[in-house]
2 protein chains.
Amino acid sequence: MEDQVEVVARAFVEHYYYLFDSNRASLASLYQPSSILSFEGQSIVGADQIQQKLSGLPFGQCQHFISTIDSQPSVVAGSIIVFVTGSLKLLDEEHPLKFSQMFQLIPTLDGTFFVQNDIFRLNYA
Amino acid sequence: MEDQVEVVARAFVEHYYYLFDSNRASLASLYQPSSILSFEGQSIVGADQIQQKLSGLPFGQCQHFISTIDSQPSVVAGSIIVFVTGSLKLLDEEHPLKFSQMFQLIPTLDGTFFVQNDIFRLNYA
């Protein structure tokens with residue numbers, strides 16, 4: 001079970017940041033109306049609002065580099081907590097920004113997962 | 001509800017790091033046999049094992065400084081996700097270490113909370 005959690009977490013992280021860096025608008029498909037995002041202290045609820053927030057961020061092309069991925073089974077059967085640290089390189093910035101982020105993934109009836117909880121913070125040096 | 005979540009999260013964070021910095025062994029009271037800690041990538045399950053891990057960390061007196069606290073309601077009624085960034089000053093080290101940490105708090109029958117999930121990572125500069 002532990003292994004399966006880790007496999008899902010790694011696949012999710014790869015998928016999430018690939019979409020973020022290549023086609024940010026498509027991230028909406030990972031959220032549902034109940035989803036909550038805390039982005040640098042701002043709270044946003046719902047897939048549509050979260051997609052608008054992410055698409056409207058004041059930077060264009062960016063690239064995430066992942067340093068660590070931790071995962072644990074959560075409380076509801078099949079749900080998973082994913083915790084990521086890494087750095088974020090913006091197109092026009094020389095130095096990447098450190099970040100940490102956590103997700104709670106909830107299984108769907110069709111065998112995939114959606115993001116119920118998402119908390120993102122830059123870690124200023 | 002949102003406010004109550006935030007109030008609990010802030011009180012928990014204050015309590016948790018106060019205990020960590022003043023009497024680390026007493027942290028065991030915040031965990032249960034089902035609790036999971038990921039500490040710098042190492043996975044530890046159960047209150048006793050977690051307390052042993054935290055008490056056995058290779059540094060004595062330390063002090064946590066909190067930079068940000070984010071909180072969200074989790075899936076099970078009354079449960080809360082708490083996400084912390086801050087820095088950790090060890091007694092013998094000049095420079096504090098940046099860290100980020102998340103907790104999932106589950107309500108107990110007597111009106112308090114225990115830590116079901118705990119993930120800790122240092123954010124190396």
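Just so it is clear: chains get the letters A, B, ... in the order the sequence lines come, proteins before strands, and each one is counted from 1.
Only the side chain of A/Thr85 comes within contact range of chain B, with heavy atoms under 4.5 Å apart. Heavy atoms of B/Gln101 lying under 4.5 Å from chain A belong exclusively to its backbone. Neither the backbone nor the side chain of B/Leu122 comes within less than 4.5 Å of any heavy atom of chain A.
In the hydrophobic clustering of this structure, A/Leu54 groups with A/Leu88; members are Ile, Leu, Val, Met, Phe, Trp, Tyr whose side-chain heavy atoms approach within less than 4.5 Å, directly or through other members. In this structure, A/Leu105 is a member of the same hydrophobic cluster as A/Phe39, with clusters built from ILVMFWY side-chain heavy atoms closer than 4.5 Å. No continuous path of hydrophobic side-chain contacts links A/Ile106 to A/Phe103 [ILVMFWY only; heavy atoms under 4.5 Å]. Hydrophobic clustering (side-chain heavy atoms under 4.5 Å, transitive across Ile, Leu, Val, Met, Phe, Trp, Tyr) groups A/Val8 together with A/Tyr17. With hydrophobic clusters built from ILVMFWY side chains whose heavy atoms lie under 4.5 angstrom apart, A/Phe114 does not share a cluster with A/Tyr18.
Within 6.0 Å of atom CD in A/Glu40, more than 12 heavy atoms from other residues, nucleotides or ligands are found, so the atom counts as buried in its surroundings.
Rounding to the nearest 0.5 angstrom, the gap separating the CG atom in A/Asp70 from the CG atom in B/Leu37 is 9.5 Å. If you take CD1 on A/Ile69 and OG on B/Ser38, they are separated by 12.5 Å, rounding to the nearest 0.5 Å. Here the straight-line distance linking atom CD1 of A/Ile81 with atom CD of B/Gln104 works out to 4.5 Å at 0.5 Å rounding. With rounding to the nearest 0.5 angstrom, the CD1 atom of B/Ile119 is 7.0 Å from the CE atom of A/Met102.
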**Request:** Let me see the working for A/Val75 and B/Val75 under side-chain contact (heavy atoms from CB on, under 4.5 Å), right down to the final yes or no.
**Result:** CA-CA 8 Å; A/Val75 178; B/Val75 177; over 6 Å; no
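Among B/Ser34, B/Ser74, B/Gly86, B/Ser87, the residue making the largest number of heavy-atom pairs under 4.5 Å with chain A is B/Ser74.
A side-chain donor-acceptor contact under 3.5 Å links A/Gln72 to the backbone of B/Asp118. Counting only distance, with no hydrogens or angles, the side chain of B/Asn117 and the backbone of A/Pro73 share a donor-acceptor pair below 3.5 Å.
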